Amino acid sequence: MLTDILDRHRRDGTRLMQILREAQEALGWLSPATITAIASGIGWPRAKVEGTASFYSFFHTRPMGEYRVLWSDNITDRMLGNLDLMQAMCQKLWLEPGRVSEDGLVSVDTTSCTGMCDQGPAVLVNYRAIPRMTRERVELMVELIRARKPLADWPADWFVIEDNIRRADILLGNRMAPGEALGAALAAGADAMLAEIRTSQLRGRGGAGFATGLKWEACRQARGTAHYVICNADEGEPGTFKDRVLLTRQPDLVFEGMTIAAHIIGARRGYVYLRGEYRYLLESLESVLAARRAAGLLGADILGKGFDFDIEIHLGAGAYVCGEESALIESLEGKRGVPRNRPPYPVTHGFLNQPTVVNNVETFAAAALIAARGGDWYRSFGTPRSAGTKILSVSGDCARPGVYEYPFGVSVRQVLADCGAHDSQAVQISGPSGICIGPDEFDRRIAFEDIPTAGAFMIFDIRRDIFDVVRNFIHFFAHESCGFCTPCRVGTTLLKNLMDKIAAGHGTRYDIDEIYQLNRVLRTAAHCGLGHTAANPLVHTLEKFRPAYERRLKSMEFEPAFDLDAALSEARQMTGRDDAGAHLATDTENAR
Amino acid sequence: MTEARKFRIATASLAGCFGCHMSFLDIDEKLLDLLQLVDFDRTPLTDIKTIGLRGPCDIGLIEGGVCNAENVHVLREFRAHCKILVAMGACAVNGGLPAQRNHLDLRDILSEVYHTEAGLAHGGIPNDPELPLPLNEVHPIHEVVKVDYFLPGCPPPADAIWKFLTDLIAGRTPRLGHGLLRYD
Ligand SMILES: Cc1cc2nc3c(=O)[nH]c(=O)nc-3n(C[C@H](O)[C@H](O)[C@H](O)COP(=O)(O)O)c2cc1C
Ligand code: SF4
Ligand code: SF4
């Protein structure tokens, strides 16, 4: 079995992630013997293979049960009651979260946002997504697990993922036939096409907003033995799910955009880095690729123009940091997803150290649209400084969560009205690493010049405690920190501990000061964007929702982190003492 | 021109091994320079037993973590009398070696030592009110009082202590550069 998998991947170490995933799907877990066999199969040191296997949370080097149930733990899942449901499931299974049942049948745990925020609470069962969990589903699921029913025999409607497109514009609403944009691009030629992309003023949709034309031009000019195109479909920012919908409804447009990019920069190979949570999309995407090959839109001699290009899908394994482009490339090479030093940037030194373009799913789709309709046409949508449209993933407290495509410049208030949100007190835009705004800012606009966003739009109404929201976010960052650099590895955990201390009622003004201090350290000393932005939700909400913190503080003065008198309980019990010296006053007069 | 007021420094060893104080003395002849700048209040070096009798202190250096009720009292007194309180050494910063007992239940430790262990099982577990009771766990000092600065190392090198103190006295935020910043 292992030999088959290794052979299928040509014993190529850069394909290690796929080898590990397939081995795990076949064998249940990655045993020491499996890892040894894979290492010798690809000719890598064993430690390096184990390093990769241990980095990703979807790979396990110990058995995690025949059924692994992971509850998505974004704040939106929390608001829909995921923890109660998980608790109920654990009770029925006589299980503690994180533990494997004694008979080795099942384990239940939480995982970072799985991108089903508009249809939560969601779970992954053996890495297959099941949204809309209810108490009834929990009960039936427990029975199915106990009966050891294979997933293929579970109710098929459980696995249906809704697209929930609530507002479509030029991108989601287009009805182009496969090949239309590509045909136009090949007819125009690479130079003219690049000029069109530049004219369109398209900027990256993955968060940083870098000018796409400039990126492609730099890559085209960079020297190398081969050039590569990578589509970033890692979509790990909690609250973001628009790439999932694009890959479901417009996969041809995305692949077409990649092919056009390849033609411009001179690439023969492209990769889609698809997050492991979207494993269920793999087969349908493969069949779209196969259809494109059959139609002459992919593979050798595309459209008879002597241009060769093909695309492969690479599945991630549950690591948010792999959305960062250089960590993504490391992962694509079979390694741990640790961000590289930048510069050099991927456009000159990317995949296998060769010139590489990395773009978000939506960026490629927009580029295909531009190829068909022209840069000037595209620029006529949006604002003068933000051309085109942006797809938002709307979730949280509103009547119609889902995907909304707007021309840039739409106000937050408009979005709230369209999705049926009432009594909103805060909107978290662009995910935990983005910004949190309150009602006095609802007239601000979604645009690079005002509120830039990768797409997440999470709404919290007045019933919600903003402190809980932020605490969920910092737990996310502490969990997802890749651990490579100390400021982030330690800093995110310290922030998490501080928020837990405040939540437990031991917080003080000094803890608030400490949050600001740690924010400075992370901003200046962390190695990548994850660390730089990890304290954002705390700092933003301390500015705008300070009382949510203050009412939890035990006092404005210093407070011990634990109950001092209770800390003498065991010694009192053992000595039988109860005199004054056997107690500690908890008043803090002496403690300043 | 008025002569600059001398800094008052107090030091204490809680649940520590005195290694940090030894390292402090290792600044050798610079101790004489230091004495030009500072007076010592309560410290094992002067044998003054009560802090703050001669006015407030500027700097308190604490070695060792908090393992019993007396440590809590001493630490609180230091906090009340010192403008700047410093956690000196690994034990004060994060509990250090004594905190190795935290994974054991204190009750088990006491029975093991006073009931089971041969040779010691004479009077049972001591319950004299003169003796401070141990805490269930050993804690770093910042979990009990507000701490202004942390000086890591086990012990911090003498040069680090010297640099740290001279920075503080000169009004600079102490910065321990390469070679002075140690985690063990
Ligand atoms: C921690 C971190 C996570 C990221 N996650 C994603 C992601 O999931 N999807 C994405 O397109 N970009 C993500 N990015 C941004 C990418 O590094 C990169 O800028 C982007 O893929 C470039 O594509 P674009 O120019 O089309 O936006 C992330 C960045 C950081 C620092
Ligand atoms: S900032 Fe965090 S995620 Fe980024 S490299 Fe450092 S530890 Fe890893
Ligand atoms: S830090 Fe080291 S030298 Fe200082 S008291 Fe603790 S064990 Fe002793």
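The shown structure was predicted, so the numbers you read here are calculated from the model rather than taken from an experiment.
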Next on the checklist: As a quick check of understanding, evaluate side chain to side chain contact (heavy atoms under 4.5 Å, CB included) for Leu34(B) and Ile169(B), giving each step before the final call.
Outcome noted: CA-CA 10 Å; Leu34(B) 188 65; Ile169(B) 291 167; 4.2 Å; yes
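By the 30° and 60° cut-offs, the orientation of the rings of His21(B) relative to Phe18(B) is tilted.
Note on Gly581(A), Ala567(A), Ala571(A): by heavy-atom pairs under 4.5 Å with chain B, the leading option is Ala567(A). Options Gly576(A), Ala561(A), Ala566(A) differ in how many heavy-atom pairs under 4.5 Å they form with chain B, and the most are formed by Ala561(A). For the set His139(B), His142(B), His73(B), Glu130(B), the entry with the most heavy-atom pairs within less than 4.5 Å of chain A is His139(B). Most heavy-atom pairs under 4.5 Å with chain A: of the set Asn127(B), Leu133(B), Asn136(B), this distinction falls to Asn136(B). Most heavy-atom pairs under 4.5 Å with chain B: of the set His583(A), Met574(A), Arg577(A), this distinction falls to Arg577(A). Options Pro134(B), Pro132(B), Pro126(B), Ser111(B) differ in how many heavy-atom pairs under 4.5 Å they form with chain A, and the most are formed by Pro134(B).
Sparse packing is recorded around CZ of Arg54(B), with 12 or fewer heavy atoms of other residues, nucleotides or ligands lying under 6.0 Å away. Within 6.0 Å of the CZ atom in Arg99(A), the count of heavy atoms belonging to other residues, nucleotides or ligands does not exceed 12. The 12-atom threshold is not exceeded at CD of Glu102(A), counting heavy atoms of other residues, nucleotides or ligands nearer than 6.0 Å.
Using a cut-off of 4.0 Å between Lys/Arg side-chain N and Asp/Glu carboxylate O, Arg552(A) and Asp500(A) are scored as not salt-bridged.
In this structure, a donor-acceptor pair under 3.5 Å is absent between the side chains of Tyr345(A) and Ser326(A).
Of the two parts of His81(B), neither the backbone nor the side chain holds a non-hydrogen atom closer than 4.5 Å to a non-hydrogen atom of chain A. No part of Asn68(B) comes within reach of chain A, as not one of its non-hydrogen atoms sits under 4.5 angstrom from that chain. Residue Ala580(A) does not touch chain B at all, counting heavy-atom pairs closer than 4.5 Å.
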